[in-house]
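Notes for the one structure printed next.
Counting begins at 1 with the first residue of the sequence. Bear in mind the structure is a predicted one, so any value in this text is a computation, not a measurement.
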Amino acid sequence: KDGEVLCFVSDPKKTCKIAKQPNHEFKVLVGPAYKDTTTIHAFAQSCLGQEPPEHAAKWIRTAAGKTLYELWHADDSAEAA
């Protein structure tokens, strides 16, 4: 959801905030005061210090502990049912 704070799975001090773009895509805000816009992939890459070995969404989680990957695929399986 727009404005939700997410964190890196291995270090919850590394956070980002979801930002809905004018074109309706979602990106994340990072950096001091969440001023820099980037993609989930780029945020995961910066946290890991390398290219994510698996889908970048597996490295970012919500405050409830679910990864973005789990949430996105839960939507897919709900639609398939």
Side-chain angles (χ1 to χ4, degrees):
K1 295 176 185 161
D2 192 35
E4 184 175 1
V5 175
L6 307 171
C7 67
F8 178 55
V9 294
S10 299
D11 185 354
K13 294 177 192 166
K14 295 179 181 178
T15 61
C16 63
K17 187 184 286 189
I18 297 175
K20 189 172 185 178
Q21 303 300 297
N23 65 357
H24 304 291
E25 289 182 350
F26 287 92
K27 293 198 176 185
V28 292
L29 301 173
V30 297
Y34 300 115
K35 290 188 179 183
D36 302 318
T37 304
T38 191
T39 64
I40 289 291
H41 184 90
F43 177 65
Q45 187 174 8
S46 71
C47 291
L48 288 165
Q50 64 182 28
E51 189 72 21
E54 293 185 55
H55 197 287
K58 290 184 176 183
W59 296 95
I60 312 300
R61 68 173 176 82
T62 65
K66 294 279 188 182
T67 66
L68 293 182
Y69 189 85
E70 291 172 312
L71 293 172
W72 291 340
H73 282 78
D75 289 344
D76 291 345
S77 60
E79 289 176 12

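Residues satisfying the side chain to side chain donor-acceptor pair (under 3.5 Å) criterion with T38, sequence neighbours excluded, are absent altogether. Every residue was checked against the salt bridge (charged side-chain N to carboxylate O under 4.0 Å, His left out) condition with E51, not counting sequence neighbours, and none meets it. Every residue two or more places apart in sequence or in another chain that forms a salt bridge (charged side-chain N to carboxylate O under 4.0 Å, His left out) with K58 is listed here: E54.
Using a 4.5 Å heavy-atom cutoff, the side chains of T37 and V28 are not in contact. Residues I60 and V9 are not in side-chain contact: their nearest non-hydrogen atoms beyond the backbone lie 4.5 Å or more apart.
Taking CG of L29 as the start and SG of C16 as the end, the distance is 8.5 Å to the nearest 0.5 Å. Atom-to-atom distance recorded for T67:OG1 and R61:CZ is 10.5 Å, nearest 0.5 angstrom.
Of all the heavy atoms in D2 and I18, the pair that sits closest is OD1-O, 3.4 Å.
V5 and L68 fall into different hydrophobic clusters, where Ile, Leu, Val, Met, Phe, Trp and Tyr residues are linked whenever their side-chain heavy atoms come under 4.5 Å apart, directly or through other members.
Note on residues 22-49: no pairs pass salt bridge (Lys or Arg N to Asp or Glu O under 4.0 Å), not counting sequence neighbours. Each ring-ring contact (aromatic ring centres under 6.0 Å, His included) pair with one or both residues in residues 38-70, not counting sequence neighbours, appears once here: H55-Y69, Y69-H73. The stretch residues 5-22 participates, sequence neighbours left out, in these side-chain hydrogen bond (donor to acceptor under 3.5 Å, both in side chains) pairs: T15-Y34.
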